[in-house]
Amino acid sequence: MNEPRPIAEVPSHVQTARVVDFDVYNEPGLSHEFHETWLRLAGGEVPGLVWTIRNGGHWIPTRGEDIAKIYLDHENFSSRVMQVPRERMAGNRPIPGSYDPPEQNEFRAIINPPLLPRVIQSIEPTISGLATSLVENLKGRGECDYVADFALQLPIRVFLSYAGLPESDAAHLRHLAEEKVRPTGKMDVAEVMQALRDYLVPRIEARRANPGDDLLSQLVNGRMKDRALEVDEAVRMCSQVIVAGLDTVASALSFIMLWLSKHPEVRHELASAPEKIPAAVEEFLRMFPLVAIAREVRQDYELDGQVMKKGDIVVLSTMLHGLDERIFEHPMDFDLTRRRQVNSTFGQGTHRCPGASLARTELQIALREWLARIPDFGVKPGAEVLFTGGVVATVRQLPLVWQAK
Amino acid sequence: MADPGSELVKIIFIDADGGTRECDGEIGKSVMETAVNDLVEGIVAECGGYCSCATCHAYVDPAWMDRLPAPEMIERDMLDGLLNVRPNSRLTCQLKVTEDLDGIVFTTPASQY
Ligand code: HEM
Ligand code: FES
């Protein structure tokens, strides 16, 4: 079985009826039924705010409406703590993720412009080319591990291309990004950051001496209100932009493809009418959120008749917003005719994902190019598809098979 | 016309299909907040007003352009990166509701993404 998971004592201000035992990263069930397991936490008569004894003890709001409200309220909820237990933040200060306004706004003013829709549209041909060549190489094989062979390949290649870095750096950077988000224990946080620094600093310096119009140049030559970015800030910013755009896109793609493997009618509809793909991607993003990120309560705050104390941690599960049946009827159903309502898959508020436009474009193109070449596929018979929970949930493997022509 | 001394002014949102919504804008709030409070679907506003998501984009009726303060640098940077941007594009979270704006008309784009 799993290693014993430590249980934290329940502080006295927590109402007894709210105490649950739910490990937001390793709850049994998440590995087999990721979204369903989250939904079970929020189902039935469960209070709008629960306290779990796992991971140091923390709050979990269970209603989409409250999750959105907290995302939008950085004045009461700080991003200083992004993970649980809070000790996991030691030595880890991502930019802009772990900062609050006004500093965070200054960082975002640097990150936002190169990721806006018009810029992303201009790199669409590159993204299509990369997606196409990945599918073309796989097509004749009749099978692959979609996660390793496609979903993780596309976003790193898109990043390298837009950052003006060689494709041959893919393996090294992915390895570091993975160590950062899912430490294997081979490197500690400081070693991973040092390795990222070793990789990035010479490239940052080159782009400062000789700015281009690539993503990295735009990030590292960005200015705070009244000063240039320090090199260390540039490293932490670039690291977060890299790390935040890999697993997220890979997982979203993998959840979508797993679902499509079981829904031939939708697969065929999208293959024959690719103009429906953008709307389908929006619905998939609602159905398959994957981020569970934390906040620290800045001053006592009442929600659902319970006071959260200053210093308490809250984990915001984006899963519980897109799949909230109070907002989205039959939330697990794919329905392109739903009334458009905001969800939190990309977060909300001042930290709302700056990569949303890039992510949407990658998802749309990846589905379009795949379905155009391999419209029929299924999970390899006998294979078990497992998930790993975390700040970003991942699909471990997705063995797909199809008729190679 | 707003009643003299009233804290509310009329703000009109027309969606891409021509549907019109007349909203009460509270003086001091943003145009975006007016739309969100009234569930105007054409304004998404995911960042909540931090000029960080550009999903509160709308076109100001040209007749009203001069009555709005010019966009600051941070808004211009965001507008520059949008699809379907026009000379009368604005981010509604950066516009404060004032008495002068009573009756102002915005058209929302077909999509905010
Ligand atoms: C489907 C794919 C993606 C999902 C579901 C996703 C989700 C999220 C969420 C929920 C947040 C907010 C975190 C918080 O509030 O603390 C976030 C932030 C962020 N995302 Fe994404 N993301 C995706 C793709 C990307 C891509 C492609 C990039 C890279 C360009 C990216 C870069 C970032 C960065 C840098 C932040 C931090 C922003 C800040 O703290 O101000 N993301 N993302
Ligand atoms: S609400 Fe995000 S930019 Fe206006």
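What you see is a predicted model, and the numbers here were worked out from it, not measured in a lab.
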Counting only heavy atoms closer than 4.5 Å, note whether A:Arg340 contacts chain B via side chain, backbone, both or neither.
both
Top residue by heavy-atom pair count (under 4.5 Å) with chain A, among B:Cys53, B:Cys51, B:Gly48?
B:Cys53
Will you find, in the side chains of A:His321 and A:Tyr71, an N or O donor that is under 3.5 Å from an N or O acceptor?
no
Assign the ring pair A:Phe107 / A:Tyr99 to parallel, tilted or perpendicular, where the plane angle (0 to 90°) is split at 30° and 60°.
perpendicular
Contact part of B:Glu46 toward chain A, heavy-atom cut-off under 4.5 Å: side chain, backbone, both or neither?
both
Which region of B:Thr55, side chain (C-beta onward) or backbone (N, CA, C, O), has a non-hydrogen atom less than 4.5 Å from a non-hydrogen atom of chain A, or is it both or neither?
side chain
Honestly, the part of A:Arg352 sitting under 4.5 Å from a heavy atom of chain B is side chain
If you measure from CD1 on B:Ile12 to CH2 on B:Trp64, what distance do you get to the nearest 0.5 Å?
8.0 Å
Any donor-acceptor N or O pair under 3.5 Å, side chains A:Thr350, A:Gln104:
yes
Which bit of A:Glu282 is near chain B, if near means a heavy-atom gap under 4.5 Å: side chain, backbone, both or neither?
side chain
Contact winner vs chain B - A:Arg108, A:Gln121, A:Arg360, A:Gln348, heavy-atom pairs under 4.5 Å
A:Arg360
Do A:Tyr162 and A:Thr126 have side chains that approach each other closer than 4.5 Å (heavy atoms only, starting at C-beta)?
no
Could you tell me how the ring of A:Phe288 sits relative to the ring of A:Phe255: parallel (under 30°), tilted (30 to 60°) or perpendicular (over 60°)?
parallel
Between B:Ala54, B:Ser111, B:Cys47, which shows the greatest number of heavy-atom pairs under 4.5 Å with chain A?
B:Cys47
Heavy-atom distances under 4.5 Å only: say whether A:Ser357 touches chain B with side chain, backbone, both or neither.
neither
Any donor-acceptor N or O pair under 3.5 Å, side chains B:Thr98, B:Asp100:
no
